Participant: 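Below is a structure I'd like to ask you about.
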Amino acid sequence: MKTMRKMLISVAMSAAMMTAGSGAKAQVDLSAYADPEGFLDIQALTCAQLAGTWQDQADLLSAWYSGWYNGLAKRHYMDIRKGREAEHELIVY
């Protein structure tokens, strides 16, 4: 009985360490997705690429999107709180 318990604890600990290790990914600079001239095709970015970049670059990209869409709608203001919430929701998605 003790051997079985030790084995179950060992398996559980191994699974927990594998799960914790698999979630840790290195951040990737958005420039890794740029063309040779340094331009980033915004429409080609995936949610995973955005989620895997540095926070300041995700913020920059969110500001760009906000400016683009607000400009198209002829709105000249920005709700910072809603912008951060939308960015977070996109990354989580």
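Predicted model, so just to flag it, every value in this text is computed and none were measured.
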Participant: Taking the side chain from Asp29 and the backbone from Ala32, do they hold a donor-acceptor pair closer than 3.5 Å?
Facilitator: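 Not confirmed, Asp29 side chain does not pair with Ala32 backbone.
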
Participant: Are Leu72 and Asn70 packed together at the side-chain level, in the sense that at least one heavy-atom pair is separated by less than 4.5 angstrom?
Facilitator: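 They are not in side-chain contact.
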
Participant: Just verifying a value: how many Å separate Tyr65 OH and Leu60 CG, rounded to the nearest 0.5 Å?
Facilitator: 11.5 Å

Participant: Starting at CD of Glu85, measure out to OG of Ser62 and round the result to the nearest 0.5 Å.
Facilitator: 12.5 Å

Participant: Give the minimum heavy-atom separation between Leu61 and Leu30, together with the two atoms involved.
Facilitator: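 In terms of heavy atoms, the two residues are closest at CD2-CD1, 4.3 Å.
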
Participant: CZ/Phe39 to OG/Ser31 distance, rounded to the nearest 0.5 angstrom?
Facilitator: 14.0 Å

Participant: Look at atom CD1 of Ile80 and say whether more than 12 heavy atoms of other residues, nucleotides or ligands are closer to it than 6.0 Å.
Facilitator: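 Atom CD1 in Ile80 is not packed in, count stays at 12 or less.
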
Participant: Nearest 0.5 Å please: distance from the CH2 atom of Trp64 over to the CG atom of Asp59.
Facilitator: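 Those atoms lie 16.0 Å apart.
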
Participant: Main chain of Thr46, side chain of Gln49: is a donor-acceptor contact present, judged purely on distance under 3.5 Å?
Facilitator: yes

Participant: Roughly how far apart are Thr53 OG1 and Tyr33 OH, rounded to 0.5 Å?
Facilitator: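 Answer rounded to 0.5 Å: 7.0 Å.
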
Participant: Let me confirm one number: the CG-CZ distance from Asp79 to Arg84, rounded to the nearest 0.5 Å.
Facilitator: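 Output value for this atom pair is 11.5 Å.
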
